[in-house]
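Take a look at the structure set out below.
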Amino acid sequence: MEKAIPQKATMLRLNADLVTRLKEMARAEHRSFNNFIECILMKIASDTPNAETLAAIEEARSGKLHNEPPVDTSSVEAMFKSMGL
């Protein structure tokens with residue numbers, strides 16, 4: 001038996017046209033409006049990168065990796081070998 005996830009009722013004020021569009025999208029996916037909105041918000045909240053990922057993004061953007069040999073993506077084995085693993 002799965003443990004129930006606690007929920008809290010919340011009231012929001014949203015643009016009426018937005019609500020209409022979101023309800024249409026939920027209906028098209030055969031989901032309730034509430035479930036559709038909750039899933040969208042969970043995805044946004046879950047997509048926040050952690051500190052290690054943010055550091056890797058910054059390193060990649062800094063240009064420090066331009067002199068590194070490219071990763072061979074032709075196979076998993078080739079990728080690991082090109083990464084020195």
Side-chain angles (χ1 to χ4, degrees):
M1 186 169 159
E2 290 185 31
K3 184 178 177 181
I5 298 172
Q7 295 185 327
K8 180 173 175 72
T10 305
M11 183 177 7
L12 300 170
R13 292 182 189 270
L14 300 173
N15 175 291
D17 292 335
L18 174 61
V19 171
T20 300
R21 178 67 182 124
L22 291 169
K23 284 183 177 182
E24 290 170 357
M25 294 170 74
R27 194 170 20 257
E29 293 189 17
H30 307 288
R31 294 165 56 192
S32 71
F33 177 68
N34 187 77
N35 175 264
F36 187 73
I37 297 300
E38 186 174 18
C39 288
I40 290 171
L41 294 175
M42 287 292 268
K43 179 170 177 16
I44 291 168
S46 300
D47 283 347
T48 304
N50 63 23
E52 184 178 0
T53 302
L54 289 172
I57 291 169
E58 181 57 35
E59 182 180 28
R61 288 180 176 160
S62 72
K64 292 179 186 175
L65 302 176
H66 286 281
N67 295 325
E68 294 293 321
V71 175
D72 183 352
T73 58
S74 61
S75 70
V76 173
E77 293 81 13
M79 179 181 72
F80 285 156
K81 185 176 178 183
S82 69
M83 294 170 62
L85 301 175

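Count residues from 1 along the sequence.
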For the CD1 atom on I5, are there more than 12 heavy atoms of other groups (residues, nucleotides or ligands in this structure) within a distance under 6.0 Å? no
Examine distances only and state if a side-chain atom of S46 and a backbone atom of K43 form a donor-acceptor pair shorter than 3.5 Å. no
What's the spacing between N35 CG and H30 NE2 if we round to 0.5 Å? 13.5 Å
Just checking, is any N or O donor in the side chain of D72 or S74 under 3.5 Å from an acceptor N or O on the other one? yes
Membership question, hydrophobic clusters at under 4.5 Å side-chain separation (ILVMFWY): are I57 and I44 in the same one? no
Surrounding CD of E52 (heavy atoms of other residues, nucleotides or ligands, distance under 6.0 Å), is the total greater than 12? no
Minimum heavy-atom separation for F36 and R31, please, with both atom names. CA-NH2, 3.7 Å
M42, L12: one ILVMFWY side-chain cluster at the under-4.5 Å cut-off? no
Would D17 and R21 satisfy salt bridge (Lys or Arg N to Asp or Glu O under 4.0 Å), going step by step from the backbone distance to the final call? CA-CA 6 Å; D17 292 335; R21 178 67 182 124; over 6 Å; no
Could you tell me the separation between the CG atom of L22 and the CD atom of E24, rounded to the nearest 0.5 Å? 9.5 Å
Inter-residue atom distance E38.CD - T10.OG1, 0.5 Å rounding: 10.0 Å
Quick check: closest heavy atoms across A26 and F33, and the distance to 0.1 Å? CB-CA, 4.0 Å
